[in-house]
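Comments concern the structure below.
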Amino acid sequence: MRALVDSMTGDHPARCVLVASNDPIAAGLAHAAARGIPTAAVEHRPFQGDRAAFEAALLQPILAAAPDILCLAGFMRVLTPVFVQRFAGRMLNIHPSLLPRYPGLHTHQRALDAGDSVAGCTVHEVTQVLDDGPILGQATVPILPGDTAQDLADRVLVQEHRLYPAVLRRFASGDKTPLIL
Ligand code: NHR
């Protein structure tokens with residue numbers, strides 16, 4: 001999130017109009033606020049599994065900010081078809097695997113368990129099917145002997161911070177062709 005926010009300066013075609021989180025103490029909220037970017041925190045817990053009600057609450061600050069593009073970054077709540085449809089074709093996510101390998105959770109451990117020699121991250125359009133939308137960019141890293149899931153997560157995160165801003169810049173200028181780093 002921070003890498004995205006900090007990339008949107010100068011000749012970048014986009015500006016950040018809102019940083020929203022379901023975690024009121026997320027560091028990204030303070031980072032954005034310190035830069036004068038509007039923020040919103042909408043906790044999911046009070047909604048007790050009522051995803052539609054949570055999303056209705058989340059939608060209010062988003063509609064007020066009227067973004068053209070939504071970027072999920074570490075957002076861990078599965079979004080309902082109603083929410084996804086509203087932002088169809090303009091909602092991005094970064095996922096810590098080389099999709100279509102390892103949609104869902106625990107991607108690094110799964111790559112290690114499979115004996116893979118490369119791992120990476122993927123920016124994709126968000127559709128109703130989890131971690132499944134059109135791929136907009138990928139970056140790879142080697143898996144080294146003795147790597148733990150945390151080692152791999154750290155190595156992939158460095159690439160996430162390169163890839164996502166690069167893909168957003170292209171996407172915001174209308175280019176949806178995949179970027180391979
Ligand atoms: N929503 C839709 N409709 N489609 C996608 O592709 C989505 C999405 C919401 C989030 C991010 C994704 C990731 O990058 C993402 C993609 C959380 C879960 C999950 O199972 C799955 C995928 C992703 C994020 N969440 C659990 C839930 O019940 C909670 C898990 C937890 O809190 O640890 O929502 O990996």
Side-chain angles (χ1 to χ4, degrees), residues 1-97 99 103-105 107 121-137 153 156-157 160-176 179:
M1 193 288 298
R2 189 170 174 155
L4 288 177
V5 164
D6 293 348
S7 74
M8 285 179 260
T9 61
D11 68 353
H12 197 290
R15 289 293 182 272
C16 185
V17 294
L18 176 71
V19 171
S21 177
N22 62 311
D23 177 359
I25 63 166
L29 293 172
H31 181 82
R35 280 153 188 74
I37 297 166
T39 63
V42 180
E43 290 187 83
H44 64 276
R45 282 186 204 288
F47 294 96
Q48 298 196 10
D50 185 344
R51 290 181 193 268
F54 164 62
E55 289 175 3
L58 182 62
L59 199 55
Q60 290 186 28
I62 294 174
L63 292 181
D68 298 307
I69 300 169
L70 255 67
C71 293
L72 307 184
F75 186 75
M76 293 306 290
R77 307 304 306 167
V78 173
L79 295 164
T80 68
V82 169
F83 191 95
V84 171
Q85 264 311 114
R86 185 181 267 274
F87 299 104
R90 51 203 188 96
M91 179 157 46
L92 313 187
N93 177 46
I94 189 161
H95 181 75
S97 78
L99 292 173
L105 305 177
T107 56
C121 49
T122 302
V123 178
H124 64 95
E125 285 184 35
V126 175
T127 63
Q128 293 180 23
V129 181
L130 219 49
D131 299 326
D132 181 72
I135 290 174
L136 298 168
V156 170
L157 188 62
E160 292 182 45
H161 293 159
R162 285 179 67 216
L163 179 69
Y164 209 170
V167 170
L168 176 61
R169 179 182 278 269
R170 289 155 62 97
F171 189 85
S173 68
D175 183 358
K176 298 188 179 190
L179 173 65

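Source: prediction; values computed, not measured.
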Contacts of [X] that satisfy salt bridge (charged side-chain N to carboxylate O under 4.0 Å, His left out) - sequence neighbours left out:
X      : result
Arg51  : none
Glu160 : none
Asp132 : none
Asp23  : none

Side chain to side chain donor-acceptor pair (under 3.5 Å) involving [X] - partner list, sequence neighbours excluded:
X      : answer
His44  : Asn22
Glu55  : Thr80
Thr107 : none

Residues in side chain to side chain contact (heavy atoms under 4.5 Å, CB included) contact with Ala88, at least two apart in sequence or another chain: Gln85
Check against side chain to side chain contact (heavy atoms under 4.5 Å, CB included), Val126 and Leu70: CA-CA 10 Å; Val126 175; Leu70 255 67; over 6 Å; no
Minimum heavy-atom distance between Leu29 and Ala41, given as atom pair plus value: CD1-CB, 4.0 Å
Reported CZ-to-CZ distance for the pair Phe47 and Arg77, which is rounded to 0.5 angstrom: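 The distance works out to 11.5 Å.
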ring-ring contact (aromatic ring centres under 6.0 Å, His included) partners for Phe87, two or more places apart: Phe83
Salt bridge (charged side-chain N to carboxylate O under 4.0 Å, His left out) pairs, two or more places apart, involving residues 30-47: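 Matches after skipping sequence neighbours: Asp6-Arg35.
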Residue pairs passing the salt bridge (charged side-chain N to carboxylate O under 4.0 Å, His left out) test where at least one lies in residues 163-175, sequence neighbours excluded: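 Residue pairs passing salt bridge (charged side-chain N to carboxylate O under 4.0 Å, His left out), neighbours aside: Asp11-Arg169, Arg170-Asp175.
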Pairs touching residues 86-96 that satisfy side chain to side chain donor-acceptor pair (under 3.5 Å), sequence neighbours left out: Asn93-His124, His95-Ser97, His95-Asp131
